[in-house]
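Below is one structure, written out as structure tokens, with a few remarks after it.
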Amino acid sequence: MKRVLLKIYSKMYSYEARLISAGISHSLTVMFQKIKKFVKGHKLLSLIIAVLFAITVYWRSTATSGSTAPRYLISEATTGTVVASVTGSGQVQNTSQININPQVTETVTGVYVQPGDKVNTGQLLVQLDATNELRALRQAQLSLQSAQLALEKMQEVTTSTLIQDQSAVVQAQQNLADASTTVNTDYQNGFDTLASAFVDMQAIMADANSFVNGYAITKSQQNPQEYVNLMPSYLQTETQPYANKVVAAYDSALAAYQANLADFHNDSRNSNQAALDSLFSETYSTSQFVSASIKSINDLLNFVVNNYPTDSQQTPLPPVTATFQTTFGSDIKTVNNDVSNVLGVINGISTDKNNLENDQLSLAEASSTLAELVAGPTPVDIQTQEIAIETAQNNLQTAEENLADCSIRAPIAGIVSTVPSTVGATVPTPAVSMVGGQKIAEVTLNEVDAAKVNLGDKATLTFDAINGLSLAGTVIEVDPVGTVSQGVVNYNVQISLSGAPGADQIKPGMSVTADIVTGVHQNVITIPSSAIVTSNGTSYVLEPQSPVSSSTSDVSGTQGVELNSAPKQVPVVIGLTNNTLAEIISGVKAGDQIITQTIQGSSVPSVSGLGGGGAMRGGTGGGGRFLLGG
């Protein structure tokens, strides 16, 4: 101990010398001399202080040199009840006249009181026509049922539905197979049709060649020109175009036929469908050329026969003319039949291919429907439907409140003063006025909280003057028009104390605080409100990438836990909230781990030591920092 004190003395003398040499103020020098004198006179106490000071400095240096990684407080989502409320303060008053204002605008169907009547709390005063409200209520009920059934249907895979969708896939597969077989058969039959057409066109083109290039009439001119020469001179000019057309049509038909015949020999019935489609189209075009060629021959023959002179002095037409007419009359029928048959093949294949494509689409749709049924709905689908249910529930609640508002009842016991309402007329404002001798609490709410309060809401009242007294009350009136003070809009809310045990202790003028319950949702998913982050209108919570074991140290304590990876953001839809709990409509389910607080590394608690930072402050000067040690 002596060595420690000697070291302290040595350090103190050294600091004193430094202060003097540095020209430090006299007050600091005096203070330091007092400390030195205290140390000499209280050696044991000074030693204890020095040891404690050294331990504190060492502990602070080790406490602040730990891990700087963020730590997280983790909680689990649970199923529970969320109660939302607003709070206002005011005074207790005796009730005087109360104006009972209607909450809906409808026709009065019944007035059951008159001025001077004594009424009890809840007694029916005026009845309004509820036809519209009943209709709206039924519609809201149906909408909620529809939304709930849609969600159930979305989440359930019934055996009958599964079998039905499976059967649809099997049937679509069979239809597709049948359609594919039909198309293949079309191509095979179509090729047979082409083969038959080429047999016909081969014979017809031979007949056409014999006529166009033959010398059946004379040996000097080919048949078309010879028929022109047979005609009288005054008809030859008119006949010549027919002959020219015969030659031109034949040349076109011959070129098309020869090219088409070569393609026909290059392909086979086993060629791919694209090649066969091209061959079918080419053959259809060729048969039309051939038909045009035979028609031109018939047109020439018919013109010659119909216009050739028949008098006795004129030489008759050659007998072969009748033979030509018979031959080409038959040929035109044959080739036109081939044209029709080939076109039927093309159209039949096109129709059956369209059917095949439709069957392919049907199979894809049936398979997709079955896959979606087996996989179940997506999270987005479920979230959308849950929001639809929440909306329908809110609409139903509004419809029920509107229906209840059609029955105007006494908010407190008292005496009816005036009854402006008249049967058959639209309900006036106020509908009824009354007076009473009961006590009420009148509290003030801001415009945001006042918008959440409805007549009939329950409230809990506490009083500054009576410790431990808590009374139940009911909202009986909300000011329809607010008052503005220094730019802030406030509304007065009156709360009945009728029948509340202990109300006889309350005196007018007492200060009162009211917690008004504005909503209660039971059996819902709840999480701490502090876990919710809202950014750009979107709310989300943070969750660990993988669940944290419950055995992990301090999972739900105050120090938090470190995670192996950054937490993930999970979007949520928020329902009812209060200062501590929030209802989660979708995004989180019961048992999910969520992060309620992030503790940065620099925020790890540390001992504050002496006056912040381990400083020893002098009695004067304030700000000098003296540390023992090197």
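In this text the structure is predicted, and so the values were computed from the model without any measurement.
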### Task
Can you measure from CD1 (I594) to CD1 (I584) and round to the nearest 0.5 angstrom?
7.5 Å

### Task
Using the side chain to side chain contact (heavy atoms under 4.5 Å, CB included) rule, take S362 and Q171 through it: C-alpha gap first, then chi angles, then the decisive distance, then the call.
CA-CA 10 Å; S362 296; Q171 184 61 53; over 6 Å; no

## Note on the structure
Value for CG (N132) from CG (L403), rounded to nearest 0.5 Å, stands at 11.0 Å

#### Entry: Validation row: E583, I574 side chains within 4.5 angstrom (heavy atoms)
no

### Message
I need the I204 CD1 to I297 CD1 distance, nearest 0.5 Å.
### Response
10.5 Å

### Task
Give a yes or no on this: more than 12 heavy atoms of other residues, nucleotides or ligands lie within 6.0 Å of atom CD of Q202.
no

### Summary
dist I294:CD1 -> D331:CG (nearest 0.5 Å) comes out at 5.0 Å

#### Entry: Any T109 side-chain heavy atom under 4.5 Å of L128 side chain
no

### Query
With a 4.5 Å limit on heavy-atom distance, are the side chains of T321 and I217 in contact?
no

### Query
Which atom names give the shortest non-hydrogen contact between V588 and A77, and what distance separates them?
CG1-CB, 3.5 Å

### Message
Quick one, F303 and E238 - any side-chain contact, counting heavy atoms below 4.5 Å?
### Response
yes

### Main-chain N/O of S268 paired with S271 side-chain donor or acceptor, under 3.5 Å
yes

### Step-by-step side chain to side chain contact (heavy atoms under 4.5 Å, CB included) determination, L261 to Q258
CA-CA 5 Å; L261 182 62; Q258 289 175 340; 5.8 Å; no

### Query
Taking the six-membered ring for Trp, are the ring centroids of Y257 and F289 within less than 6.0 Å of each other?
no

### Task
Give the C-alpha distance, both sets of side-chain angles, the deciding distance and a yes or no for side chain to side chain contact (heavy atoms under 4.5 Å, CB included) between N578 and V82.
CA-CA 7 Å; N578 57 33; V82 178; 4.0 Å; yes

### Task
Say whether, by atom type as modelled, one donor and one acceptor occur between the side chain of Q103 and the main chain of D405 under 3.5 angstrom.
no

### Task
Using the salt bridge (Lys or Arg N to Asp or Glu O under 4.0 Å) rule, collect all pairs that involve residues 172-193, keeping only residues at least two apart or in two chains.
D192-R269

### Query
Are the side chain of T518 and the backbone N or O of A84 linked by a donor-acceptor pair below 3.5 Å?
yes

### Task
Evaluate the side-chain proximity of T378 to I382: yes if any heavy-atom separation is below 4.5 Å, no if none is.
no

#### Entry: Heavy-atom side-chain contact between N523 and T81 under 4.5 Å
no

### Query
Distance from F328 atom CZ to S293 atom OG, nearest 0.5 Å?
8.0 Å

Side-chain atoms of residues 240-250: list all donor-acceptor pairs with protein atoms under 3.5 Å, sequence neighbours left out, distances to 0.1 Å.
unit_1 : atom_1 : unit_2 : atom_2 : d
Q240   : OE1    : Q225   : NE2    : 3.2
Q240   : NE2    : Q225   : OE1    : 3.1
Q240   : NE2    : N244   : OD1    : 2.9
Y250   : OH     : N209   : OD1    : 2.9

### Task
Could you check if a side-chain atom of L370 sits within less than 4.5 angstrom of a side-chain atom of L162, using non-hydrogen atoms only?
yes

### Task
Look at the side chain of S330 and the backbone N and O of T327, then say whether any donor-acceptor pair between them is shorter than 3.5 Å.
no

### Query
In Å and rounded to the nearest 0.5 Å, what is the NZ to CD1 distance from K589 to I525?
10.0 Å

### Test side chain to side chain contact (heavy atoms under 4.5 Å, CB included) applied to E76 and D592, step by step
CA-CA 5 Å; E76 288 188 355; D592 286 356; over 6 Å; no

### Task
Please say which of F198, F280, F264 ends up in a ring pair (Phe, Tyr, Trp, His ring centres under 6.0 Å) with F191.
F264

### Query
Is there a donor-acceptor pair closer than 3.5 Å between any side-chain N or O of S291 and the backbone N or O of S287?
no

### Query
Quick one: does N336's side chain have a donor or acceptor within less than 3.5 Å of a partner on I332's backbone?
yes

### Message
For a quick check under 3.5 Å, do T78 and T526 share a side-chain donor-acceptor pair by atom type?
### Response
yes

### Message
Could you check whether Q325 and N302, counting side-chain N and O atoms only, form a donor-acceptor pair closer than 3.5 Å?
### Response
yes

#### Entry: Shortest non-hydrogen contact from S180 toward L356
N-CD1, 3.6 Å

### Message
Could you report the tightest heavy-atom contact between E386 and I585, atom names first, then the distance?
### Response
OE1-O, 3.1 Å

### Task
Would you check if the side chain of T538 reaches a backbone N or O of T534 as a donor-acceptor pair within less than 3.5 Å?
no

### Query
Should the pair D277-K353 be classified as a salt bridge under the 4.0 Å nitrogen-to-oxygen rule?
yes

### Query
Side chain of Q545, backbone of A566: donor and acceptor closer than 3.5 Å?
yes

### Message
If I compare all heavy atoms of P567 with all of I595, which pair ends up nearest, and what's the gap?
### Response
CB-CD1, 3.5 Å

### Query
Is the number of heavy atoms from other residues, nucleotides or ligands under 6.0 Å of N564 CG greater than 12?
no

### Task
On the 0 to 90° scale, with breaks at 30° and 60°, tag the Y227-F211 ring pair as parallel, tilted or perpendicular.
parallel

### Task
Please confirm whether the backbone N or O of C406 pairs with a side-chain atom of Q127, one donor and one acceptor, at under 3.5 Å?
yes

### Task
Indicate yes or no: at least one non-hydrogen side-chain atom of E400 is less than 4.5 angstrom from one of E133.
no

### Query
So, T107 and D129: side-chain donor and acceptor under 3.5 Å apart, yes or no?
no

### I532 versus S539, closest heavy-atom pair with distance
CG2-CB, 4.2 Å

### Message
Using modelled atom types and a 3.5 Å cut-off, is there a donor and acceptor pairing between side-chain atoms of N266 and backbone atoms of A262?
### Response
yes

### Message
To check you understand the geometry: which heavy-atom pair defines the closest contact between Q593 and E543, and what is its length?
### Response
O-CG, 3.2 Å

